[in-house]
Participant: 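Before we start, here is the structure in question, set down as structure tokens.
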Amino acid sequence: MAVLPFSLFAISWDPLQPYTLSAVLLCSFGALILAHFSIVKMRRYQQKLEHSEERLRLSLWGSGDELWDWKISSGELYRSSAWLHPVELQPDSKDFPPNKAQIHPQDLSRVTKLLQDHLDGKTAHFEATYRIKTADNNWTWVLDRGKAVAFGDDGKPSRMTGTLKNIHQLKQTEEQLQLFARCLHNISDAVVICDTDFTILEVNPSFSRVTGRTREQCLQQRFELTLYPSRFMHDIRQSLASNGSWSGEIREQRQNGDIYQAELTFDQIKDDQGHISQYVAVFSDITERKQREAELSRLASSDTLTGLPNRALFMQKLAQLVASKTQHALLVFDLDNFKKINDSLGHELGDNLLCKLAQRLSHFSSYTNRLYRLGGDEFALLLDQTNDLHHITSLAKALLELINKPILVQQHELAITSSVGIVLFPDDGHNPQALLRNADTAMYHAKNQGANRYLFFNDAMNKQAVKRLQLENLIRHGLKEDYFAVYYQPKMDIASGQLVGMEALVRFITPKGGIISPASFIPVAEETGQIIEIGEIVLRKACQAVKGWIDQGLFHGRLAVNLSSRQFSLPFLCELIDDILQQTELPSYHLELEITEGTVMQSPPQAIETMKKLRARGIHLAMDDFGTGYSSLAYLKQFPLNTLKIDKAFIDDMRTARGRNMVDTIMTIAHNLSLNVVAEGVEDDEQLDMLRKLRCDVIQGYHYSKPLSAAELSQFLQQLKQQRSKPALVSIVS
């Protein structure tokens, strides 16, 4: 059955076979001809397309533009790179915009918004000017234009094309013109631009301010000086023609009739061919300047706030007395705690206080023409023709009494005190500078002795002041050269005899002077504020060292670091400690901060708030030197403390019954408040036994170990580790 149909077909095909073959051949030939014509046509079209693309490339190259094509879905970005110095670009970037890495950071947000607005359909096309990084790492201004040309099924743009044009020179020219325009607009001097016939073409706002005439009133008007005859302007034109400029002082009338003085300068403006095209006049109103000069002359000899003779007149008078070798006394005084008045009640009230005080003292007949304001809250009394100590002392006492009387300022009744330093010429100095310096020294010593007193200068004060200044400079140099080291004093648990912590102690070690006592440099550092930087150094070094010992398995207790009052009052204290703990990778529960009673009692509510923030970080808090300050038990129970440290003075006094009772009372209070107790300065077995009986928790002192350097403590910890590994427990005493 498979052969039969084929046979039938073959039988029926034979008569038609020649005609069919001819038709097939004719069709094939026709197809070949059509294909030939199609190929020729395609080649012609391809040539036209190539010519068109070539013209486009040449046009872009000639215009300096670059063509770009961005396939949004794939992130592929094509750039024609027509510039001689093309912008570097990472292809196939997923950034948005696609050339994000090359756009100037200050322009990026603006370009991103403009591009996103276009992609969201908010704008018909994208156009932005911005700075872009070139291959030589410079910035150049470009004009970027583009438009979405293809969209996906969801209607969102899938392709975007555009051009990039280098407009750097145009932008520079534009910025320069804008700069010149801003300068002309904002310059304080009046500027007038005239043509060659002195017709006003343009004026700046300062011209209107000086003359009182608006810009509209001036334009296309002839420049004239109304208070001068026409001959005067003629002379100006002649000078411009011969010299190219003219300058001088003039008097002119404002729009409201007032007379003013001005410095006027006329200059030529020439075109590229060197022909005069315009004239520019610049003039400034010197009327106010003359008034200020007169005012400055008056102020040169008086204080602007109080009206008293000022420091310049004081130094002049003092120099005259020294030059004439006239015996005299100098009293320098300022107000105690005046800064607190300014900080708490405001500088305006402080100024009013100074004015009222100056007025009160000026009315005292003995101070007439003798009282000066040197600056701030510092005043001086210059008593000539006398070195009588009785008379000087009487005046100083009277001065303090006058100052001590309450002063009512803005409904505040202020009771103020003062400290007075006194020097005598020629005994205490041979030149004005030395006398004033020594009077200041005596005043500061009077302040340090309790204030509200007067003090005569002596040579010992000067030596002490010089020594303090040297120490302050040495501290500053030590901070720069890293002369501050950290020593560590171990703490022992009384019950177990084991190491439970250590206290970081600062040591100031100089190459030439050796170790400087903390009792010497810490008060100076506190006063100058250098203690803040010292405290940060100690905390950072100690945390870093303890982290190393923890990692070595040598230490598992807490590091105690003292916080000065200056550090504790820092507004960014918690953030500073966070940074140090993060940088040193020390867990916060290994850190204990020691704060003195005096520090927390300066402002208990604020102290409690700061302490709560520290406790929230897992940091332990200890009150140092407890019993030496003035803590309130009402506040003590509110402080979020972990530890109470008993001052060494109480430990030394335990040999008496009263001393033991005092320590026992402190420990009872601490334990009732669930606080651990650390006894400082334990030096012998007798003290240790008494503290054990009184249920003290931890001891610190030479009985257990002296303060050790980092290297010594490492060796100490290694010995403890070796002894812990032995079968028998051996107590360690250094």
Side-chain angles (χ1 to χ4, degrees), residues 39-178:
I39 292 172
V40 171
K41 186 176 181 181
M42 183 65 71
R43 287 179 177 174
R44 289 176 180 174
Y45 177 77
Q46 184 69 28
Q47 287 177 353
K48 290 182 179 180
L49 183 61
E50 289 176 354
H51 288 320
S52 177
E53 289 180 351
E54 182 180 7
R55 285 193 294 271
L56 178 60
R57 286 195 300 270
L58 290 174
S59 297
L60 288 171
W61 182 82
S63 67
D65 292 356
E66 285 196 3
L67 179 67
W68 55 264
D69 186 2
W70 177 31
K71 294 181 180 179
I72 301 174
S73 57
S74 64
E76 181 182 356
L77 180 67
Y78 167 77
R79 288 272 294 278
S80 63
S81 298
W83 293 353
L84 293 177
H85 300 286
V87 174
E88 291 184 346
L89 191 65
Q90 298 295 329
D92 302 330
S93 172
K94 298 298 183 182
D95 290 339
F96 185 85
N99 57 341
K100 177 180 178 180
Q102 282 75 38
I103 298 177
H104 196 285
Q106 295 179 359
D107 303 331
L108 181 58
S109 60
R110 176 171 51 83
V111 176
T112 302
K113 184 179 185 306
L114 291 172
L115 181 57
Q116 188 63 56
D117 287 347
H118 177 63
L119 294 178
D120 293 341
K122 297 179 180 179
T123 57
H125 64 277
F126 164 72
E127 181 174 323
T129 58
Y130 56 89
R131 288 161 289 182
I132 195 168
K133 184 178 289 185
T134 59
D136 55 0
N137 285 326
N138 288 320
W139 296 102
T140 187
W141 281 96
V142 296
L143 172 61
D144 198 353
R145 292 173 172 169
K147 186 171 183 176
V149 296
F151 300 85
D153 296 337
D154 56 358
K156 294 183 178 179
S158 61
R159 185 177 182 182
M160 190 172 173
T161 62
T163 60
L164 196 69
K165 185 178 185 66
N166 190 331
I167 59 169
H168 193 71
Q169 291 184 349
L170 182 63
K171 196 69 176 178
Q172 284 183 324
T173 303
E174 179 186 345
E175 290 177 351
Q176 190 174 27
L177 291 175
Q178 290 177 351

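Small disclaimer: the values here were computed from a predicted structure and weren't measured. Residue numbers run from 1 in the order of the sequence given. In what follows, every heavy atom counts, from backbone to side chain, and hydrogens, waters and symmetry copies are set aside.
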Participant: Mind checking the CD1-CG spacing from Ile132 to Asn99? Nearest 0.5 Å is all I need.
Facilitator: 4.5 Å

Participant: Please check if the number of heavy atoms outside Asp153 that lie under 6.0 Å from its CG is greater than 12.
Facilitator: no

Participant: List the atom of Trp139, the atom of Pro105, and the distance in Å for their closest heavy-atom pair.
Facilitator: CH2-CD, 4.1 Å

Participant: Quick check: do Pro97 and Leu108 have side-chain heavy atoms less than 4.5 Å from each other?
Facilitator: yes

Participant: So, Asp154 side chain and Lys156 main chain: donor-acceptor pair closer than 3.5 Å or not?
Facilitator: yes

Participant: Starting at CG of Leu114, measure out to CG of Leu119 and round the result to the nearest 0.5 Å.
Facilitator: 11.0 Å

Participant: Could you report the tightest heavy-atom contact between Phe151 and Gly155, atom names first, then the distance?
Facilitator: CD2-O, 3.5 Å

Participant: How close do Leu67 and Gly162 get, heavy atom to heavy atom, and via which atoms?
Facilitator: CD1-O, 3.4 Å

Participant: Please check this pair: side chain of Asp117 against backbone of Thr123, looking for a donor-acceptor N/O pair closer than 3.5 Å.
Facilitator: no

Participant: With a 4.5 Å heavy-atom cut-off, do Glu127 and His118 have their side chains touching?
Facilitator: no

Participant: Work out which heavy atom in Trp141 is nearest to a heavy atom in His168; give both atom names and the distance.
Facilitator: N-ND1, 3.0 Å

Participant: Measure the spacing between OG1 of Thr140 and CD of Gln169 and express it to the nearest 0.5 Å.
Facilitator: 9.0 Å

Participant: Over all heavy atoms of both residues, which pair between Lys171 and Thr129 is shortest? Give the atoms and the distance, please.
Facilitator: NZ-OG1, 4.4 Å

Participant: Starting at OG1 of Thr161, measure out to CH2 of Trp70 and round the result to the nearest 0.5 Å.
Facilitator: 12.0 Å

Participant: Starting at CG of Asp144, measure out to NZ of Lys165 and round the result to the nearest 0.5 Å.
Facilitator: 12.5 Å

Participant: Measure across Phe126 and Met160 and return the closest heavy-atom pair with its distance rounded to 0.1 Å.
Facilitator: CB-CE, 3.4 Å

Participant: Distance from His104 atom NE2 to Arg110 atom CZ, nearest 0.5 Å?
Facilitator: 11.0 Å

